[in-house]
Amino acid sequence: MSYKYPVYQPYLGGNEKKYVGECLDSTWISSKGKFIQKFEDNFSAFTGIKNSVAVANGTVALHVALLALGIGKNDEVIVPTFTYIASVNAIYYTGAKPVFVDSDEDTWQIDTNKIEEKISQKTKAIMAVHIYGHPCEMDKIIKIARKHKIFVVEDCAEAIGTYYKGKHVGTMGEISTFSFFGNKTITTGEGGMVCTNDDKIADLSTRIKGQGLAKDQEYFHDIIGYNYRMTNICAAIGCAQLEKIDDILLKKRNVAQCYIDNLQSIPIEYHKEIENVKHSYWMFTILVASENERTKLRSYLKKNGIETRPTFHPVHTMPMYNTGEKFNIAENLGSRGINLPSYPDLSEADIKFITGKIKEFYE
Ligand SMILES: Cc1ncc(COP(=O)(O)O)c(C=O)c1O
């Protein structure tokens, strides 16, 4: 079914076509070419993280990040259960065990008061996932990590343009990752980035993504690596997207503000920005009273041409990762949330139409 208002659509229409054309004309269509380095450099300039390593998608970015920290078999990684499955899958790929933590009721991010009780002798890292574009409580996470001498990996797949106390997310842990899937704030089609201020970790990440190639030796490989490279074509799209990032982020903030203004009289909650942070509103998300009400509202909106998505099912409820544990906040968020259309060029009139239909449902 095609919707009048999809949940997301990429914001193209800049230099994307021109730069992709340059790749085709020059025949540099694989993972070598001028756009890769340019995209990495421009990405670092935007986030303020010293090194950026472009990869094929946000999932492999996490895999590379964990491997570059030496995480593997017999290790444990703390992760919020209320996240997209990729965060947890990447931990599993390394042979490490994901250890789940519940979410904070206000921010929907990992509950920092519940991390320490999950730390064991085997814990090597905390994965801080900035879900839906709101940052985690990074000061507390870093403090816990320093105390226990473990790493912090920031999964910023949904959080380009998100700031915590003035710092861009991804700048506070040892390593961080981003996704450029088609529904992300900036896209390369499929794509991801591994970022770190540590040159050695950056170097290792580059080697892991490129079949473990030894430094300065042709076709000699001294570690086991992967082909996780990004293509020049994807990087070309990324360069064009980065040229518009400020505009995209501003439009998305305006979309969120317009939803907030128009939802005032409706009995629902929404994902709020707390003090001292900047929410990039990757997805504007509301919470309704119950799962049953969610099903009914979503089908009412669907009938009116409005696509929505349910919030993520907490990962511990999925068969591969079911630990038999109960995480009340995550389960609550996963059963009552709805992502509304959140793309940058939604107009005020579009949002008035969407919120008008939500009002109609409650009347
Ligand atoms: C929190 C989170 N982590 C990781 C990923 C994985 O990114 P990708 O889809 O580019 O592999 C996503 C993507 O949707 C995500 O939302």
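Position 1 is the first residue of the sequence, and the numbers go up from there. Quantities reported herein were computed from a predicted structural model and do not represent experimental measurements. Ligands are counted one by one from 1 in listed order, and the atoms in each one are counted from 1 as well.
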Parallel, tilted or perpendicular, as decided by the 30° and 60° cut-offs, for the rings of F43 and F178: perpendicular
Under 3.5 Å: donor-acceptor pair, side chain of S26, backbone of W28: yes
Aromatic ring proximity Y19/F35, centre distance under 6.0 Å: yes
Which residues share a side-chain hydrogen bond (donor to acceptor under 3.5 Å, both in side chains) with H134, sequence neighbours left out: none
Enumerate, one pair per line, all nitrogen or oxygen atoms of ligand 1 lying under 3.5 Å from a protein nitrogen or oxygen, stating the separation to 0.1 Å; write 'none' if no such pair exists.
unit_1   : atom_1 : unit_2 : atom_2 : d
ligand 1 : 3 (N)  : D155   : OD1    : 3.3
ligand 1 : 3 (N)  : D155   : OD2    : 2.7
ligand 1 : 7 (O)  : S179   : OG     : 3.4
ligand 1 : 10 (O) : G58    : N      : 2.8
ligand 1 : 10 (O) : S179   : OG     : 2.7
ligand 1 : 11 (O) : N57    : OD1    : 3.4
ligand 1 : 11 (O) : G58    : N      : 3.3
ligand 1 : 11 (O) : T59    : N      : 2.9
ligand 1 : 11 (O) : T59    : OG1    : 2.5
ligand 1 : 14 (O) : K184   : NZ     : 2.6
ligand 1 : 16 (O) : E158   : OE2    : 2.5

Contacts of Y362 that satisfy ring pair (Phe, Tyr, Trp, His ring centres under 6.0 Å) - sequence neighbours left out: none
Listed partners of Y321 passing ring pair (Phe, Tyr, Trp, His ring centres under 6.0 Å), at least two apart: none
